[in-house]
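Below is one structure, written out as structure tokens, with a few remarks after it.
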Amino acid sequence: MNRVGDSNSAGAQGLLVDPSDRDMADTELKSRRANQEDRNIESDGGLGCCGWFLVILSFFFTLLTFPISVWMCIKIVKEYERAIIFRLGRILRGGAKGPGLFFVLPCTDSFINVDMRTISFDIPPQEILTKDSVTVSVDGVVYYRVNNATLAVANITNADSATRLLAQTTLRNVLGTKNLSQILSDREEIAHNMQSTLDVATDDWGIKVERVEIKDVKLPVQLQRAMAAEAEAAREARAKVIAAEGEMNASRALKEASIVISESPAALQLRYLQTLTTIASEKNSTIVFPLPLDLLKGFMQK
């Protein structure tokens with residue numbers, strides 16, 4: 001029984017995986033996969049006898065014209081660039097070259113420079129029908145960079161154009177499953193879902209999507225008017241409720257004040273005098289003086 005319990009606890013511990021460890025494992029798996037694809041691309045066939053003959057012939061002519069051919073053989077790539085060398089149409093073993101100097105053979109070698117810096121582009125406004133049948137116009141911005149220059153050149157014709165088109169379709173697909181309230185309130189979650197989807201889709205192209213942001217959500221004019229009228233009606237209803245509560249509290253306070261004044265007749269006289277003081281401070285030409293009935297009790301008894 002103890003062995004069974006130990007095995008169960010060990011299995012439960014094995015199922016609990018830290019998210020950071022999972023992310024590191026995914027990154028390592030992607031890097032291994034990219035390296036394996038690079039090796040497959042580089043080792044896919046050889047130059048053959050004719051190919052090697054042309055390479056040797058090009059190298060021989062390079063030696064014959066050495067003082068002049070140096071300027072044709074030495075190339076320079078910048079710090080943020082990598083060069084993919086093609087020898088007789090095949091990617092040269094060793095992957096991307098650079099930054100700095102590298103050597104090519106004239107007539108047999110050609111190369112393509114790949115920019116490794118982060119690139120940003122705007123997603124054009126997309127007309128999207130939400131889950132609750134509301135048409136909205138949404139645009140955004142995407143930040144990406146080339147993570148593997150060899151895959152970006154060998155696996156796709158134009159990585160930039162493909163990433164732009166994929167971002168547009170991903171935006172439409174993700175927002176099509178959301179309600180209008182979710183689109184307006186959960187922008188960060190939507191952007192994170194788009195980034196994950198784009199990152200997985202562009203992994204085979206050597207592209208790393210770093211960040212996705214939702215810029216603006218434009219609603220139809222009629223819908224804006226309806227939402228404004230609804231908000232205004234809600235504010236008016238709250239204002240009326242607050243005014244009614246204020247009147248109720250004021251009436252309660254007046255009731256309590258009348259009870260206190262009825263218990264003390266002198267309090268009413270003091271209230272009269274306070275009212276006269278307030279009226280006199282406003283520089284009025286006419287003053288209405290209330291005559292207390294207590295002064296007339298003696299005459300009324302006679």
Side-chain angles (χ1 to χ4, degrees), residues 15-27 29-30 33-34 115 117-148 151-152 155-242:
L15 293 175
L16 297 176
V17 181
D18 192 4
S20 59
D21 295 339
R22 187 184 297 109
D23 295 338
M24 294 176 60
D26 293 340
T27 304
L29 182 61
K30 290 181 180 179
R33 182 181 177 184
D115 196 337
R117 293 177 294 182
T118 299
I119 301 173
S120 62
F121 63 88
D122 292 329
I123 302 176
Q126 303 293 314
E127 294 290 337
I128 299 169
L129 183 64
T130 62
K131 190 176 180 181
D132 50 354
S133 301
V134 178
T135 303
V136 295
S137 178
V138 184
D139 58 351
V141 60
V142 177
Y143 301 86
Y144 78 93
R145 61 181 175 85
V146 177
N147 192 29
N148 191 316
L151 297 181
N155 287 0
I156 191 167
T157 304
N158 191 338
D160 181 72
S161 177
T163 304
R164 292 173 184 268
L165 295 176
L166 184 62
Q168 297 178 19
T169 56
T170 303
L171 179 63
R172 298 175 68 91
N173 294 335
V174 171
L175 296 183
T177 60
K178 303 290 185 180
N179 297 327
L180 178 60
S181 59
Q182 295 176 345
I183 295 176
L184 296 176
S185 60
D186 299 337
R187 292 191 179 186
E188 294 183 358
E189 182 181 357
I190 294 172
H192 181 71
N193 293 337
M194 283 189 59
Q195 178 185 356
S196 302
T197 304
L198 288 174
D199 195 15
V200 172
T202 58
D203 187 28
D204 294 335
W205 304 341
I207 302 296
K208 172 65 177 177
V209 178
E210 296 181 340
R211 189 178 183 86
V212 178
E213 292 291 341
I214 303 298
K215 291 175 60 178
D216 190 16
V217 179
K218 297 181 180 179
L219 303 177
V221 178
Q222 296 179 354
L223 182 59
Q224 292 181 8
R225 292 176 180 174
M227 295 177 66
E230 181 182 0
E232 184 178 0
R235 287 194 296 269
E236 290 180 356
R238 288 196 298 268
K240 291 181 180 179
V241 171
I242 294 173

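Interatomic distance, CD of Glu232 versus CZ of Arg235, reported as 6.0 Å (0.5 Å rounding). Here CG of Asn173 is found 9.0 Å from CG of Leu166. Values are rounded to the nearest 0.5 Å. Interatomic distance, Thr157 OG1 to Trp205 CH2, rounded to the nearest 0.5 Å: 10.5 Å. Atom CG of Asn193 and atom CG of Asp186 lie 9.5 Å apart (nearest 0.5 Å). Note that CG of Leu198 is 8.0 Å distant from OG1 of Thr169, once rounded to the nearest 0.5 Å. Within the model, atoms CG of Leu171 and OG1 of Thr197 stand 11.0 Å from one another, a figure rounded to the nearest 0.5 Å.
Residue pairs meeting the salt bridge (Lys or Arg N to Asp or Glu O under 4.0 Å) criterion with at least one partner in residues 161-185, sequence neighbours excluded, are Asp160-Arg164.
Gln182 approaches Ile190 most closely through the heavy-atom pair O-CD1, 4.1 Å. When all heavy atoms are compared, the tightest approach of Val174 to Thr177 is O-OG1, 2.8 Å. Ala159 and Ile207 get closest at one heavy-atom pair: CB-CD1, 4.0 Å. In this structure, Gln168 and Pro124 approach most closely via the heavy-atom pair NE2-CD, 3.5 Å. The shortest non-hydrogen separation linking Val142 to Ala167 is CG2-CB, 4.1 Å.
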(request) I would like to know whether Val212 and Thr170 meet side-chain contact (heavy atoms from CB on, under 4.5 Å); could you show each step before the answer? (result) CA-CA 11 Å; Val212 178; Thr170 303; over 6 Å; no
(request) Assess whether side-chain contact (heavy atoms from CB on, under 4.5 Å) is satisfied between Ile156 and Asp204, documenting all intermediate values. (result) CA-CA 9 Å; Ile156 191 167; Asp204 294 335; over 6 Å; no
(request) For the pair Lys208 and Asp199, evaluate side-chain contact (heavy atoms from CB on, under 4.5 Å) and give the outcome as yes or no after the intermediate values. (result) CA-CA 6 Å; Lys208 172 65 177 177; Asp199 195 15; 3.0 Å; yes
(message) With side-chain contact (heavy atoms from CB on, under 4.5 Å) as the criterion, how do Phe121 and Ile123 come out once you've worked through the C-alpha distance, each side chain's angles and the decisive distance to 0.1 Å?
(response) CA-CA 7 Å; Phe121 63 88; Ile123 302 176; 4.3 Å; yes
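Tested against Leu219 for a side-chain contact (heavy atoms from CB on, under 4.5 Å), the candidates Thr135, Leu180, Ile183 yield a single pass: Leu180.
Under the 3.5 Å distance criterion, with hydrogens and angles disregarded, a donor-acceptor pair is assigned to the side chains of Asp132 and Thr130.
In terms of modelled atom types and a separation under 3.5 Å, the side chain of Ser133 and the main chain of Leu129 share no donor-acceptor contact. Using modelled atom types, no side-chain atom of Asn179 and backbone atom of Ser181 make a donor-acceptor pair closer than 3.5 Å.
By the 4.5 Å heavy-atom criterion applied to side chains, Asp122 and Asp139 are not counted as neighbours.
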